[in-house]
2 protein chains.
Amino acid sequence: MLKNSEFVSKLRNSGLRPTKQRLKICEVLFNRDKTFHFTINDLAKNISKNFNEKISLATIYNTVHAFKDKGYLKEITISSDKSYFDTNITKHHHFYDEDTNLLIDCNDNEIGKVNIKNNITGKKISSVEVLVRVASDNQNQN
Amino acid sequence: MLKNSEFVSKLRNSGLRPTKQRLKICEVLFNRDKTFHFTINDLAKNISKNFNEKISLATIYNTVHAFKDKGYLKEITISSDKSYFDTNITKHHHFYDEDTNLLIDCNDNEIGKVNIKNNITGKKISSVEVLVRVASDNQNQN
DNA sequence: CATTTAGTTTAGAACTATTATAAATTAGTT
DNA sequence: AACTAATTTATAATAGTTCTAAACTAAATG
C-alpha cells in the first residue's frame with residue numbers, strides 16, 4: 001500500500017498503464033527489503049494464496065515480460081524447463097544449489113571480475129554471467 | 001564406419017548396449033574433427049536427412065540423456081525454450097551470439113580463470129560456467 | 001543354437017511451460 | 001458521457017519433453 005504511488009509513476013514512466021493487476025504484482029515483487037528469485041509459477045501461487053483477487057496466468061506472463069523488457073526484472077536461465085526471474089537487476093552472478101534447486105546471489109567479494117580478453121569481432125558484449133553450480137559434499141559417495 | 005568398434009566399447013564400458021541406433025548417434029556426434037553444439041531437434045533432423053533409417057524422437061532423447069549422464073555430452077542452458085548440448089566435454093565457457101542464436105566456445109585465452117573467493121558452506125562446486133552474450137554493435141541504434 | 005530375460009526402441013499419448021486469440025473490460029482522452 | 005486504445009481474461013494452441021506399454025533385440029543361459 002505504502003509505495004503505491006511510486007509504482008504508479010514507475011509504470012507510467014515506462015509507458016505501462018498502472019492497472020490494478022500490475023500494481024498488485026509490483027507490490028508482491030518490489031515492496032520488500034530484499035531482492036529475490038521466482039518462477040512464474042511461484043508468483044502466480046503467491047498472488048492467489050496471499051490475496052483474494054486472482055490474476056490470470058496470461059496477465060502474469062505479460063506483466064513479468066513487460067517488466068523484464070523495461071529492465072525491472074532480470075531473467076536467469078538455469079535449466080531449460082523453467083524460467084527464473086530476479087528482482088535484483090544489478091550486475092551479479094549466481095550460485096545454484098543442485099540439492100535444493102535454489103538460486104543464491106553472489107556478491108562481488110565472492111566472485112572476482114571475469115576477465116574477457118578477446119571478444120567476437122564486430123560484436124558488443126551485452127552481458128557476462130557466471131553460474132556456479134554447487135551440491136552437497138557427500139553427493140557422489142554411493 | 002571407421003571408429004565403430006571404439007563406439008561399441010565406449011558404450012559397453014558405461015553399461016549401455018551398443019544398439020544400431022546408439023551407434024548411429026555416436027557416429028553423427030563423435031565421428032568428427034571438431035566438437036559442436038546441437039539441439040535435440042538439430043540432431044533428429046540431421047539423422048533423418050543424412051541417413052535412410054529413422055530413429056524415433058524418444059530414442060534420440062533417451063540416448064542424448066544417457067550420453068549426458070555418462071559424461072559424453074554437456075548440456076548448456078542459454079534460454080528456457082531449448083536445450084543445447086555440446087560434444088566438447090572439457091571445461092570451457094561460451095559466447096552466445098544473440099543475433100544468430102549461435103553458441104561459440106571460448107578458449108582459455110579468451111576468458112581468464114574465474115576466481116571464486118567464497119563458496120557456500122558445506123557445498124562442493126560442481127561446475128563454473130560463464131556465458132557471455134554478444135550482439136551486433138549497431139543493435140540499439142533505432 | 002533354441003530359449004529366456006532384461007534392456008531398448010517405438011509411436012503415440014500425456015504433460016508442462018509458454019504464447020496466441022479474440023471477446024470483454026478498463027483506463028485515459030476528448 | 002462517449003470514445004479510443006490498452007489491458008485483462010479464459011481458453012485454445014503450440015513446442016519441447018517425458019511417459020507408456022507393446023514390439024523388438026541383444027546378451028545370457030541351458
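Sequence lines set the chain letters: A, B, ... in the order given, protein chains first and strands last, and positions in each chain run from 1.
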Check: protein-nucleotides 26-30 of chain C nitrogen or oxygen pairs below 3.5 Å:
residue : atom : partner : partner atom : Å
C/dA27  : N3   : A/Arg17 : NH1          : 3.4
C/dG28  : OP1  : A/Arg12 : NH2          : 2.5

| message | Test of understanding: with ring pair (Phe, Tyr, Trp, His ring centres under 6.0 Å), list the residues that count as partners of B/His92, not counting sequence neighbours. | response | B/His94
Nearest whole angstrom, please: distance from the [atom2] of [N] to the [atom1] of [X].
{"X": "B/Asp42", "N": "D/dA15", "atom1": "CG", "atom2": "P", "result": "16 Å"}
{"X": "B/Ile55", "N": "C/dT10", "atom1": "CD1", "atom2": "P", "result": "7 Å"}
{"X": "B/Arg22", "N": "C/dG7", "atom1": "CZ", "atom2": "P", "result": "11 Å"}
{"X": "A/Lys24", "N": "D/dT8", "atom1": "NZ", "atom2": "C1'", "result": "16 Å"}
{"X": "B/Leu11", "N": "C/dT9", "atom1": "CG", "atom2": "C1'", "result": "15 Å"}
{"X": "B/Lys70", "N": "C/dG7", "atom1": "NZ", "atom2": "P", "result": "12 Å"}
{"X": "A/Ile60", "N": "D/dT11", "atom1": "CD1", "atom2": "P", "result": "16 Å"}
{"X": "B/Phe67", "N": "C/dT8", "atom1": "CZ", "atom2": "P", "result": "11 Å"}

| message | Taking only side-chain N and O atoms of B/Gln21, does any of them lie within less than 4.0 angstrom of OP1 or OP2 on D/dT25? | response |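 B/Gln21 to D/dT25 OP1/OP2: no side-chain N or O under 4.0 Å.
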If hydrophobic residues (ILVMFWY) are linked whenever their side-chain heavy atoms come closer than 4.5 Å, directly or via other members, who joins [X] in its cluster?
{"X": "A/Ile111", "answer": "A/Phe95, A/Ile104, A/Val114, A/Ile116, A/Ile120, A/Ile125, A/Val128, A/Val130, A/Val132, A/Val134, B/Phe95, B/Ile104, B/Ile111, B/Val114, B/Ile116, B/Ile120, B/Ile125, B/Val128, B/Val130, B/Val132, B/Val134"}
{"X": "A/Phe85", "answer": "A/Phe7, A/Val8, A/Leu11, A/Leu16, A/Leu23, A/Ile25, A/Val28, A/Leu29, A/Phe30, A/Phe36, A/Phe38, A/Ile40, A/Leu43, A/Ile47, A/Phe51, A/Ile55, A/Leu57, A/Ile60, A/Tyr61, A/Val64, A/Phe67, A/Tyr72, A/Leu73"}
{"X": "B/Ile89", "answer": "none"}

Atom of [X], atom of [Y] and distance for their closest heavy-atom approach:
{"X": "B/Glu75", "Y": "B/Ser83", "answer": "OE2-OG, 2.5 Å"}
{"X": "B/Lys123", "Y": "A/Ser136", "answer": "CD-N, 3.8 Å"}
{"X": "A/Asp108", "Y": "B/Lys117", "answer": "O-NZ, 3.6 Å"}
{"X": "A/Leu103", "Y": "A/His37", "answer": "O-ND1, 3.4 Å"}

| query | Can you check whether B/Ser127 reaches B/Lys74 side chain to side chain, under 4.5 Å on heavy atoms? | reply | no
Enumerate all atom pairs, one protein N or O and one N or O from nucleotides 16-20 of chain D, separated by less than 3.5 Å.
residue : atom : partner : partner atom : Å
D/dT17  : OP1  : B/Ser83 : N            : 3.4
D/dT17  : OP2  : B/Tyr61 : OH           : 2.7
D/dT17  : O5'  : B/Tyr61 : OH           : 3.2

